[in-house]
**Student:** 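There's a structure below that I have some questions on.
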Amino acid sequence: MSNKDIEYTTVSKVAGPLMIVDGIKDVAYNEVVKIKTATGEERTGQVLEAFMDKAVVQVFEGTKGLDTDKTSARFIGETMKLGVAKNMLGRVFDGTGNPIDDAPPIIPEERREINGNPINPYSREYPSEFIQTGYSTIDGLNTLVRGQKLPIFSGAGLPHNEMAAQIARQAKVLGKEEKFAVVFCAMGITAEEANLFIRDFENTGALERTVMFLNLADDPSIERIILPRMALTCAEYLAFDLDMQVLVILTDLTNYAEALREIAAAREEVPGRRGYPGYMYTDLATIYERAGRIKGKKGSITQIPMLTMPDDDITHPIPDLTGYITEGQIVLQRGLHKKGIYPPVAVLPCLSRLMDRGIGANRTREDHAGVSNQLYATYAEGCDLRDLVAIVGEDALSDRDRKFLRFADEFEKKFIQQGIHEDRSIVRTLTIGWELLSILPKAELKKIDEKYINKYHPEKIKKE
């Protein structure tokens, strides 16, 4: 008799999202478990740990109502898989991969292991092709390229969900016509937020090219552990089997980390920093490192993970570890949000480590690097002068300093600020940049090649 046919009625303990089964035989790590409750309801679990004759099982639908005397478990001999097919595009799935959009069930072309396979480092292609998000602060100053992992660090109450929806609507690959898709994975969001995302994607037509995976705040938190892995399994199929350029948006990774901490506490593990498990770095890496490009494959997976920093603390373990694994970060600032600026992107602490390979002639525009560097340097000096004004007053400033101070104000109003439905092209972003730089004397534009100043400066364009 195989393990598939054995129903174990030896559940000895239920703790948090975990269930312990005694007297087991031939059970493996990550194996899927079918659990039958006293009322006949079936739930799904996964083996977290198997030792001697005991198995620790995480129950995805939660352990509420489980009676240790009347609950049975059956180990099915395989790991968790997701059925994938091309017609997943335009569909909405729940935290266990089941459709929740009232459309017919997906008929899978094949079933894939949700933990995926690591990409051989030798087979990785270096990311170098521009993706336009429509946001000036990202496209102009922290450019996203295909295959990159570029997280957004936000805080409670900041508009990261609005940004996620806008990026999903607007993101596009420039140049030759290519198949582009978005995999949108939301963990721990409210029903209201979920409905807003769905309506927004339906009304704008973005849903046709989007696959949505949703875990609501009142759904079992344990589902948040498998949801990003399901989303990335779907993305790998679209990218590497169907040759699509796929953008994966994961929000909110903080809810994922909280679920990890909940499991670690239930297992009575020795806690690491701030109570999070010591293996959180490795665990996050298993999600982030599934982005990339593979030699010989046309498709790519680009990731924008979003996370809310507890107490707006960028040194908190979740953003801190994320920063080590990913290739840069976009940071949202509460001060800009209070000024009514959307998106409230704090330009100075932001970074895209792969930007240099994705911009320039034949990708964005030849003057992009110089304009970006000049905008950053000028805004940084303007922000420093604001601090100085708070001490000595504006009357103590020179004419030059006043121009830099004016630049900082105008930069926030015209470059950072944009409408929630405003989709700027990279050319429009660079044009706004040049208009702002024209506030300064040409002699101050030290980071831009003179031939580009002569070609793109508004003064030159007006003469023509």
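Numbers here simply count residues along the sequence, with the first being 1.
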**Student:** For the aromatic rings, using the six-membered ring if either is Trp, is the centroid distance between Phe201 and Phe184 under 6.0 Å?
**Tutor:** yes

**Student:** Over 60° means perpendicular and under 30° means parallel, so tell me whether Phe411 and Phe415 are parallel, tilted or perpendicular.
**Tutor:** parallel

**Student:** Does this structure show an ion pair linking Glu202 with Arg199, if we count only N-O contacts that are shorter than 4.0 Å?
**Tutor:** no

**Student:** Does atom CG (Asn120) have a neighbourhood of more than 12 heavy atoms from anything else shown, all under 6.0 Å?
**Tutor:** yes

**Student:** Which pair of heavy atoms, one from Pro127 and one from Arg293, lies closest together, and at what distance?
**Tutor:** CA-CD, 4.5 Å

**Student:** We want to know whether Thr233 and Arg290 form a side-chain donor-acceptor pair, criterion being a heavy-atom distance below 3.5 angstrom.
**Tutor:** yes

**Student:** Is the shortest side-chain N to carboxylate O distance from Arg112 to Glu236 below 4.0 Å?
**Tutor:** no

**Student:** Centroid-to-centroid, His316 to Tyr276, below 6.0 Å?
**Tutor:** yes

**Student:** Leu214 and Ile198: side chain to side chain contact (heavy atoms under 4.5 Å, CB included), yes or no, with the steps?
**Tutor:** CA-CA 10 Å; Leu214 301 178; Ile198 294 169; 3.8 Å; yes

**Student:** With Ser300 as reference, evaluate Gln245, Glu125, Gln148 under the side chain to side chain donor-acceptor pair (under 3.5 Å) test and give the passing residue.
**Tutor:** Gln245

**Student:** With the threshold set at 4.0 Å, does a side-chain nitrogen-carboxylate oxygen contact exist between Glu129 and Arg146?
**Tutor:** yes

**Student:** Given the rule in the side chain to side chain contact (heavy atoms under 4.5 Å, CB included) test, do Arg229 and Met80 qualify, once you have shown the distances and angles that lead to the verdict?
**Tutor:** CA-CA 10 Å; Arg229 292 176 168 82; Met80 185 156 284; over 6 Å; no

**Student:** Any side-chain donor-acceptor pair under 3.5 Å between Arg424 and Thr429?
**Tutor:** no

**Student:** Asp409 and salt bridge (charged side-chain N to carboxylate O under 4.0 Å, His left out): which single residue from Lys414, Lys339, Arg386 fits?
**Tutor:** Arg386

**Student:** Identify the two heavy atoms, one from Gln418 and one from Gly134, that lie closest to each other, and give their separation to 0.1 Å.
**Tutor:** NE2-O, 2.8 Å

**Student:** What's the shortest heavy-atom distance between Pro99 and Ile106, and which atoms?
**Tutor:** CG-N, 4.4 Å

**Student:** Looking only at heavy atoms, what is the nearest atom pair of Ala186 and Leu227, with distance?
**Tutor:** O-CD2, 3.4 Å

**Student:** Measure across Trp434 and Ile453 and return the closest heavy-atom pair with its distance rounded to 0.1 Å.
**Tutor:** CH2-CA, 3.8 Å

**Student:** Closest heavy-atom contact between Leu307 and Pro319?
**Tutor:** CD1-CB, 3.9 Å

**Student:** Decide yes or no on side chain to side chain contact (heavy atoms under 4.5 Å, CB included) for Met187 and Leu253, but give the supporting numbers first.
**Tutor:** CA-CA 7 Å; Met187 295 158 276; Leu253 260 298; 4.0 Å; yes

**Student:** Kindly determine whether Asp312 and Arg334 satisfy salt bridge (Lys or Arg N to Asp or Glu O under 4.0 Å), including the steps that lead there.
**Tutor:** CA-CA 8 Å; Asp312 294 352; Arg334 202 166 296 279; 2.6 Å; yes

**Student:** Indicate every side-chain donor-acceptor pair of residues 162-174 with a distance under 3.5 Å to a residue at least two apart or in another chain.
**Tutor:**
from	atom 1	to	atom 2	distance (Å)
Gln166	OE1	Tyr135	OH	2.7
Gln166	OE1	Tyr342	OH	2.8
Gln166	NE2	Gln170	OE1	3.0
Gln166	NE2	Gly419	O	3.3
Gln166	NE2	Ile420	O	3.2
Gln166	NE2	Glu422	O	3.3
Arg169	NH1	Asp200	OD1	2.9
Arg169	NH1	Asp200	OD2	3.0
Arg169	NH2	Ile420	O	2.7
Arg169	NH2	His421	ND1	3.4
Gln170	NE2	Thr133	O	2.9
Lys172	NZ	Gln170	O	3.0
Lys172	NZ	Asp423	OD2	2.8

**Student:** Ignoring hydrogens and angles, state whether a donor on the side chain of Thr79 or Asn30 is under 3.5 Å from an acceptor on the partner side chain.
**Tutor:** no

**Student:** Between Leu445 and His457, is a side chain to side chain contact (heavy atoms under 4.5 Å, CB included) present by the stated rule, with each step listed?
**Tutor:** CA-CA 10 Å; Leu445 306 182; His457 197 282; 3.9 Å; yes

**Student:** Considering residues at least two apart in sequence or located in another chain, which fulfil the ring-ring contact (aromatic ring centres under 6.0 Å, His included) criterion with Tyr376?
**Tutor:** none

